[in-house]
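Written below as structure tokens is the structure these notes are about.
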Amino acid sequence: MQQKRSLTYYLLAGFFGLFVLFLYGPMLAIFILSLQGEEGTLTFPMRGFSFYWLGQVFQEQRVGNFTDAFWRSLLLGLLVTLLSVIVTVMSALAFRQRFKGAGTLFYLTIASLIVPSVLISLGIGIVFQVLDLETNWFSSGLGAHLTWTVPFAFLIMLGIFNRFNPSYEEASRDLGANDTKTFWEIVFPLILPALIGIGLLGFTLSYDEFTRTSLVSGQKNTLPLEIFGMTTNVTSPALYALGTLTTLFSFAMILLAIAAYNYTSRRQSQ
């Protein structure tokens, strides 16, 4: 019986290993192909080994502009992160009061998640056209990304406040603190680790978003749109090198968020 159970565990572990390989295999292939020599192509076998194409990402390209698109996506992601955190914290605080119409407003907020992304992008583009406004990555693009990040962050914040112990706030008010001071000195430090996670989620969703940006970015592309446009024009491993660098950047952001989360958690436990 024990041997049969062990065999079952090995089979399950092997199945999960195949799933992980399927999940990360394409990414590893891109990483490897980006480390080719100057004569490298888009397919295997590799032709030499070097960091040549990683350096080419920062050079002027015949088609597209990696650097400017990256900075646009980075700035847009940071704006989306900041606004998502602010809006969802304020909304979750309001929903703690169980005001009239809260249920309707809740379903309207999360409805954006079930509407096809391309329809959201198309709708925002039509609204800007009716209002005679020019679509740009920092205006209509920002709004399109918020329709994606805010509902997710809002659901997380509701879960956080549902588990929040209100006795901390009551004790603060009993000691004479007003609502503003109670929030900044009691509530905010307690929810800060969760806000870091929400911020990372919002940044990741915005940084990689393609569909909701496709029809409202204006004349200047974000990085996902730039990469998509180059898939039919770039015939060198420079495109793979860009994917490698952006993936490493995403991992760096995750490590930074983990470090910040651990730091705030240690401060709370002291």
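Just so it is clear, the values below take in all heavy atoms, side chains as well, and ignore hydrogens, waters and symmetry mates. Position 1 is the first residue of the sequence; numbering continues from there. Just so we're clear, the structure is a prediction, and the values are computed from it rather than from any experiment.
Here Glu226 contributes atom CD and Leu239 contributes atom CG; the two are 10.5 Å apart, rounded to the nearest 0.5 Å. In this structure, the separation between CZ on Arg212 and OG1 on Thr222 is 14.0 Å, given to the nearest 0.5 Å. Atom CZ of Arg96 and atom OG of Ser91 lie 13.5 Å apart (nearest 0.5 Å). Atoms CG and CG, from Leu158 and Asn162 in turn, are 6.5 Å apart once rounded to the nearest 0.5 Å. Remark: Leu223 CG to Leu242 CG distance equals 5.5 Å, nearest 0.5 Å. Note that CG of Asp208 and CH2 of Trp148 are 11.5 Å apart. Values are rounded to the nearest 0.5 Å.
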Decide side-chain contact (heavy atoms from CB on, under 4.5 Å) for Met46 and Phe44; before the verdict, give the C-alpha distance in whole Å, the side-chain angles of both, and the deciding distance to 0.1 Å.
CA-CA 5 Å; Met46 291 181 61; Phe44 288 103; 4.1 Å; yes
After noting the C-alpha distance and the side-chain angles of Ile156 and Leu201, does the key distance pass the side-chain contact (heavy atoms from CB on, under 4.5 Å) rule?
CA-CA 10 Å; Ile156 296 173; Leu201 174 65; 3.6 Å; yes
Go through the steps for Tyr24 and Phe22 under the test ring-ring contact (aromatic ring centres under 6.0 Å, His included), then give the verdict.
CA-CA 6 Å; Tyr24 290 100; Phe22 174 79; over 10 Å; no
ring-ring contact (aromatic ring centres under 6.0 Å, His included) between Phe95 and Phe161: does it pass, once the steps are laid out?
CA-CA 9 Å; Phe95 268 76; Phe161 278 116; over 10 Å; no
Between Leu245 and Phe70, is a side-chain contact (heavy atoms from CB on, under 4.5 Å) present by the stated rule, with each step listed?
CA-CA 11 Å; Leu245 292 176; Phe70 166 76; over 6 Å; no
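Residues Gln36 and Trp53 approach most closely at O-CD1, 3.4 Å, considering heavy atoms. Across all their heavy atoms, Gly141 and Leu76 have their closest contact at C-CD1, 4.5 Å. Minimum interatomic distance between Leu205 and Thr149 (heavy atoms only, all atoms of both residues): CB-CG2, 3.9 Å. The heavy-atom pair separating Ser112 from Ile120 by the smallest distance is OG-CD1, 4.2 Å. The two atoms that bring Gly37 and Ser50 nearest to each other are CA-OG, 3.4 Å, heavy atoms only. Thr213 and Glu209 get closest at one heavy-atom pair: OG1-O, 3.5 Å.
With hydrogens and angles ignored, the 3.5 Å screen pairs a side-chain donor or acceptor of Ser121 with a backbone N or O of Leu215. Not a single donor-acceptor pair under 3.5 Å links the side chain of Asn136 to the backbone N or O of Phe138. For the pair Thr88 (side chain) and Ser84 (backbone), a donor-acceptor distance under 3.5 Å is present.
Contacts of Phe128 classified as ring-ring contact (aromatic ring centres under 6.0 Å, His included), with partners at least two apart in sequence or in another chain: none.
In summary, the side chains of Asn178 and Thr180 do not present any donor paired with an acceptor at a separation below 3.5 Å, with no hydrogens or angles considered. No side-chain N or O of Ser140 forms a donor-acceptor pair with one of Thr135 less than 3.5 Å apart. For Thr211 and Ser117, the side-chain atoms include no donor-acceptor pair closer than 3.5 Å.
Aromatic ring pairs are classed by plane angle as parallel below 30°, tilted from 30° to 60° and perpendicular above 60°; the pair Phe154 and Phe106 is tilted. Between Tyr207 and Phe203, the ring-plane angle classifies as parallel under the 30° and 60° cut-offs. Trp184 and Phe188 have tilted rings, their planes meeting at an angle from 30° to 60° on a 0 to 90° scale.
Looking only at side-chain heavy atoms (C-beta outward), Leu82 and Leu78 stay at 4.5 Å or farther from each other. Leu74 is listed as a side-chain neighbour of Phe249, based on a closest heavy-atom distance under 4.5 Å. Here the side chains of Ile198 and Val89 are not in contact, with every heavy-atom distance at 4.5 Å or above. By the 4.5 Å heavy-atom criterion applied to side chains, Leu83 and Leu142 are counted as neighbours. Looking at Val115 and Thr147, their side chains never come closer than 4.5 Å, going by heavy atoms from C-beta outward. At a threshold of 4.5 Å between non-hydrogen side-chain atoms, the residues Phe16 and Val20 count as touching. Side-chain atoms of Thr247 and Phe31, non-hydrogen and from C-beta on, do get closer than 4.5 Å to each other. Taking the side chain as every heavy atom from C-beta outward, Asn221 and Ile227 never approach each other to under 4.5 Å.
Linking Ile, Leu, Val, Met, Phe, Trp and Tyr whenever their side-chain heavy atoms come within less than 4.5 Å puts Tyr168 and Ile191 in one cluster. Residues Phe152 and Met157 are members of one and the same hydrophobic cluster, defined by side-chain heavy-atom contacts under 4.5 angstrom among Ile, Leu, Val, Met, Phe, Trp and Tyr. In this structure, Leu93 is a member of the same hydrophobic cluster as Ile110, with clusters built from ILVMFWY side-chain heavy atoms closer than 4.5 Å. Clustering ILVMFWY residues whenever any of their side-chain heavy atoms sit less than 4.5 angstrom apart, transitively, puts Val80 in a cluster other than the one holding Ile86. Hydrophobic clustering (ILVMFWY, side-chain heavy atoms < 4.5 Å, transitive): Phe164 and Leu195 are in one cluster.
In Met90, the CE atom is not crowded: 12 or fewer heavy atoms of neighbouring residues, nucleotides or ligands sit closer than 6.0 Å. Phe228 CZ: 12 or fewer foreign heavy atoms inside a 6.0 Å radius. Summarising the local packing, CZ of Phe15 is surrounded by 12 or fewer heavy atoms from other residues, nucleotides or ligands at distances under 6.0 Å.
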